[in-house]
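Here is how names work: the chains are called A, B, and so on, in the same order as the sequence lines, proteins then strands, and each is numbered from 1.
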There are 2 protein chains.
Amino acid sequence: MTFSTRELIVREADQIFYEKGFEAASFSDIAAAVGISRGNFYYHFKTKDDILDAVITHRLATTRAMLDDWARQSPSAVDRIMSFIQMLISNQTTIMAFGCPVGTLCSELAKLDHAARTRAAAIFGLFREWLEEQFRELGQTGNASELALHLLARSQGIATLANAFRDEDFVCTEVAALKAWLQSIIDDSSDKNRKERKNECT
Amino acid sequence: MTFSTRELIVREADQIFYEKGFEAASFSDIAAAVGISRGNFYYHFKTKDDILDAVITHRLATTRAMLDDWARQSPSAVDRIMSFIQMLISNQTTIMAFGCPVGTLCSELAKLDHAARTRAAAIFGLFREWLEEQFRELGQTGNASELALHLLARSQGIATLANAFRDEDFVCTEVAALKAWLQSIIDDSSDKNRKERKNECT
DNA sequence: GTCTATAGCCGGATAGAC
DNA sequence: GTCTATCCGGCTATAGAC
């Protein structure tokens with residue numbers, strides 16, 4: 001597991017962009033973290049925007065890998081969606097300190113009117129499509145898209161307020177509420193299935 | 001309705017901080033918008049942080065005024081909460097362009113580790129307390145705080161995704177879902193009241 | 001109160017030695 | 001590939017004329 005300088009730059013930039021924001025993160029910050037000189041940067045990247053592009057590409061890849069892992073680890077769609085929800089708990093500390101990496105990057109790039117805005121939003125797109133697929137597998141064929149966006153929005157709201165208020169209890173109650181919401185969807189759909197089966201009998 | 005230069009600076013800075021973010025907004029931007037020279041700034045404010053402080057103070061005041069208005073305009077707590085939800089529709093265009101003014105400022109200041117972070121979060125606090133009061137008036141005495149935070153979080157999530165995806169339909173469906181959620185709370189509580197009244201009779 | 005001029009700093013980016 | 005030295009521009013902030 002040895003990384004090229006380019007890879008090291010991308011990894012450190014990823015972290016620093018998250019913690020300080022893209023604009024506030026300077027080449028000096030990243031150079032210091034990687035342990036190279038500022039000048040050496042330009043051998044690997046032409047501009048700061050190029051680094052951002054590489055970071056977004058990296059995030060797209062790691063996100064895809066994470067979603068694949070979740071899919072591999074749990075055969076049931078409910079458990080997979082639970083993995084997504086559980087992320088709010090496992091990343092609670094960093095979320096309270098810096099917010100959601102995806103949400104905060106997207107809103108910063110929107111304000112900067114930055115060309116990479118849509119590519120950053122594509123990370124959200126990955127979650128969205130993956131969740132949609134899970135809901136469809138749950139039998140929510142008609143409204144899988146709405147459910148996916150709803151869950152994504154709920155998690156974003158939790159991250160934003162967790163960051164603003166730094167309140168652990170809030171995250172826990174909201175995550176519990178999300179799990180209850182997911183459960184209610186399953187219950188509703190099995191109710192419907194039961195009714196349908198009943199109708200078939202009569 | 002004539003404003004002092006200081007007031008003009010605060011108003012323009014408020015808008016520009018919202019649209020470009022605090023860090024990316026420069027004195028030149030604000031000076032150009034107000035129509036004064038950059039140097040003149042320092043007669044009114046010592047530092048950029050002082051302007052931010054004034055902007056937050058201004059936002060706290062306008063938010064309080066807006067909440068008072070909502071309270072004055074509708075005698076019922078449900079309608080008041082509806083006014084809050086409706087904000088997502090009336091501000092839809094700017095939200096899709098720049099996100100929520102409060103949420104985006106809070107997350108930027110968190111990343112900058114800025115001293116004004118907690119004061120910015122206090123704007124959220126105003127909404128939170130106001131909503132809490134409305135829910136208490138609705139008879140939700142036990143969980144008014146949770147409901148207020150929940151509604152605040154939902155609206156933040158909607159704003160973040162609306163900004164990322166620029167999808168009008170999403171905002172409409174989520175607002176409809178929020179209204180349904182509010183209605184379900186009222187229904188549940190009147191159900192309970194009915195049961196209690198029934199119990200009194202038997 | 002408002003201006004012009006400018007200091008001083010730090011950012012991104014370049015040139016060229018090693 | 002990595003370094004040092006340096007340019008250039010924009011930023012916040014200051015000084016002083018009007």
Identify the two heavy atoms, one from B:Leu105 and one from B:Ala120, that lie closest to each other, and give their separation to 0.1 Å.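 In this case the closest contact between B:Leu105 and B:Ala120 is CD2-CB, 4.0 Å.
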Bend across the helix from C:dG1-D:dC18 to C:dC18-D:dG1, to 10°, with axes taken over 5 pairs at each end? 0°
Within residues 23-36 of chain B, residues whose heavy atoms come under 4.0 Å of DNA chain C: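 B:Ile36, in order of number.
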Neighbours of DNA chain C within residues 38-50 of chain B, by heavy-atom distance under 4.0 Å: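 Nucleic-acid contacts, sorted: B:Arg38, B:Gly39, B:Asn40, B:Tyr43, B:His44.
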Of all residues at least two apart in sequence or in a different chain, which pass the salt bridge (Lys or Arg N to Asp or Glu O under 4.0 Å) check with A:Lys20?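 A:Lys20: salt bridge (Lys or Arg N to Asp or Glu O under 4.0 Å) contacts with A:Asp29.
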Which residues share a side-chain contact (heavy atoms from CB on, under 4.5 Å) with [X], sequence neighbours left out:
X       : value
A:Asp49 : A:Phe22, A:Thr47, A:His114
A:Glu23 : A:Glu108, A:Leu112, B:Glu23, B:Ala24
A:Lys46 : A:Asp50

Would you mind listing every salt bridge (charged side-chain N to carboxylate O under 4.0 Å, His left out) that reaches into residues 67-84 of chain B, with sequence neighbours excluded? B:Asp69-B:Arg72, B:Arg80-B:Glu137
For the atom pair CZ (A:Phe98) and CD (A:Glu19), what is the distance rounded to the nearest 0.5 Å?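 It comes to 4.0 Å.
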Please list every donor-acceptor pair under 3.5 Å in which a side-chain atom of residues 124-132 of chain A meets a protein atom from a residue at least two apart or in another chain.
unit_1   : atom_1 : unit_2   : atom_2 : d
A:Trp130 : NE1    : A:Leu67  : O      : 3.4
A:Glu132 : OE2    : A:Arg136 : NH2    : 3.2

Without placing hydrogens or testing angles, list every side-chain donor-acceptor pair under 3.5 Å for residues 53-61 of chain B, not counting sequence neighbours.
unit_1  : atom_1 : unit_2   : atom_2 : d
B:Asp53 : OD1    : B:Arg119 : NH1    : 3.1
B:Thr57 : OG1    : B:Asp53  : O      : 2.9
B:Thr57 : OG1    : B:Arg119 : NH2    : 2.9
B:His58 : ND1    : B:Asp14  : OD2    : 3.4
B:Arg59 : NE     : B:Asp14  : OD1    : 2.8
B:Arg59 : NH1    : B:Pro101 : O      : 3.2
B:Arg59 : NH2    : B:Asp14  : O      : 3.3
B:Arg59 : NH2    : B:Asp14  : OD1    : 3.0

Identify the 5'-most and 3'-most nucleotides of DNA chain D with at least one atom closer than 4.0 Å to a non-hydrogen atom of chain B. D:dC11 to D:dT14
A:Arg117 side chain to A:Ala110 main-chain N or O, any donor-acceptor pair under 3.5 Å?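 Side chain of A:Arg117 to backbone of A:Ala110: no pair is present.
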Under 3.5 Å, side chain of A:Tyr18 to main-chain N/O of A:Val102, donor-acceptor pair present?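 Not at all, since once roles are kept as given, no pair shorter than 3.5 Å links the two residues.
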What pairs of residues pass the ring-ring contact (aromatic ring centres under 6.0 Å, His included) test when at least one of them lies in residues 137-178 of chain B, not counting sequence neighbours?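 Output for this query lists B:His150-B:Trp181.
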